[in-house]
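The figures here come from the full heavy-atom set of this structure, side chains too, leaving out hydrogens, waters and symmetry mates. Proteins come first, then strands; the chains are lettered A, B, ... in the order of their sequence lines, and each starts at number 1.
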There are 2 protein chains.
Amino acid sequence: MTEQEQIRFEARARVLKALAHPTRLWIAEQLADGERCVCEFVDGVGVDFSTISKHLTVLKQAGIVADEKRGKQVWYTLKVPCVLNFMNCIEAVIDHKNGNACAATGACP
Amino acid sequence: MTEQEQIRFEARARVLKALAHPTRLWIAEQLADGERCVCEFVDGVGVDFSTISKHLTVLKQAGIVADEKRGKQVWYTLKVPCVLNFMNCIEAVIDHKNGNACAATGACP
DNA sequence: CATACATTTGGCTAATTTACCAAATGTTAA
DNA sequence: TTAACATTTGGTAAATTAGCCAAATGTATG
């Protein structure tokens with residue numbers, strides 16, 4: 001691995017790491033249909049609002065989401081929607097691992 | 001987020017997390033053209049061989065790679081090659097963040 | 001202006017991750 | 001069988017991360 005490559009792989013790992021958390025994956029998926037207010041995330045998940053805010057900061061710093069303040073509220077959007085395409089492949093990894101295709105539907109015996 | 005969803009997102013996050021390390025991303029890319037011996041990874045990167053071994057264990061437990069022992073050596077393969085397709089999108093995130101969308105298309109000056 | 005609301009920031013602790021070294025394991029060759 | 005080789009496992013210290021609470025910031029409304 002050359003130093004050039006090292007730098008590139010570190011940058012890539014930073015992006016993946018930003019996404020590699022259950023709450024942050026959930027947030028990304030919520031943004032599939034368009035922008036959402038922070039307050040909507042807070043309502044939708046059982047975690048402190050300051051924790052949500054920190055997750056959003058992680059996603060923003062990675063370049064995955066963008067934010068815009070309008071009035072009292074802050075609205076987030078997916079800056080690079082192709083990250084949602086990861087999910088199919090991730091499910092394939094999970095299913096492959098379980099040796100069956102049931103896990104994707106939650107219908108495992 | 002329902003408990004069903006919670007479980008699903010945790011599983012997904014586990015897969016992404018397994019991939020979210022520079023050395024492990026490099027390993028995955030090395031496997032693009034087919035199987036590789038552990039010894040080849042050790043030669044290719046400036047890190048202790050026990051560390052490489054642990055990275056390989058992480059990838060294996062996530063279901064991303066498979067291993068096969070043949071003689072003294074152990075050979076690894078990509079079990080689910082679609083993970084390599086993440087790279088284009090990840091580069092798009094990085095480029096977008098840097099304010100240029102060129103690298104994704106390979107058309108940078 | 002004072003208050004209420006929405007979100008971010010700071011501070012702290014507990015849990016997790018990474019890297020190295022040393023030692024253990026399994027496999028072939030002398 | 002002993003020695004050498006390839007890889008994994010165990011142990012440990014340093015760094016990072018995630019969560020909560022409390023406090024600070026910025027914005028609209030009474």
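Counting non-hydrogen atoms under 4.0 angstrom, V42(B) reaches nothing in the nucleic acid. The residue S50(A) sits close to a base: some heavy atom pair falls under 4.0 Å. Residue R70(A) is out of contact with every strand shown, counting any heavy-atom pair closer than 4.0 Å. Counting non-hydrogen atoms under 4.0 angstrom, F41(A) reaches nothing in the nucleic acid. At the heavy-atom level, K69(B) lies under 4.0 Å from the strands shown only through sugar-phosphate atoms.
Ranked by how close their nearest DNA chain C nucleotide is to the 5' end, A20(B) and C39(A) are led by C39(A).
Atom P of nucleotide dC12(C) and atom NZ of K54(A) are separated by 12 Å, given to the nearest angstrom. Taking atom CG of residue D48(A) and atom C1' of nucleotide dT13(C), one finds them 15 Å apart after rounding to whole Å. One atom, CZ of F49(B), and another, P of dT8(D), lie 11 Å apart when rounded to the nearest Å. The CZ-P distance, from F9(A) to dT18(C), rounds to 17 Å in whole Å.
The shortest distance between the side-chain N/O atoms of K17(A) and the OP1/OP2 oxygens of dT17(C) is not below 4.0 Å. Dashed line: the shortest gap from a side-chain N or O of T51(B) to OP1 or OP2 of dC20(C) is under 4.0 Å. The shortest distance between the side-chain N/O atoms of Y76(A) and the OP1/OP2 oxygens of dT8(C) is below 4.0 Å. OP1 or OP2 of dA19(C) has at least one side-chain nitrogen or oxygen of H55(B) nearer than 4.0 Å.
Between W26(B) and F41(B), the ring planes lie perpendicular to each other; the angle is over 60°, past the 30° to 60° tilted range.
The side chain of Q73(A) lies closest to dT7(C) when the candidates are dG26(C), dT27(D), dT7(C). Taking only side-chain atoms of T57(A), from C-beta outward, the nucleotide of dT9(C), dT7(D), dT9(D) with the closest atom is dT9(C). Distance from the side chain of C37(B) is smallest for dT7(D) among the nucleotides dA18(D), dG10(C), dT7(D). Between dG10(D), dC5(C), dT7(D), one nucleotide has an atom nearer to the side chain of K72(A) than all others, and that is dC5(C). Between dT8(D), dT8(C), dG19(D), one nucleotide has an atom nearer to the side chain of H21(A) than all others, and that is dG19(D). Out of dC20(D), dT8(C), dT8(D), the shortest distance to the side chain of S53(A) is found at dT8(C).
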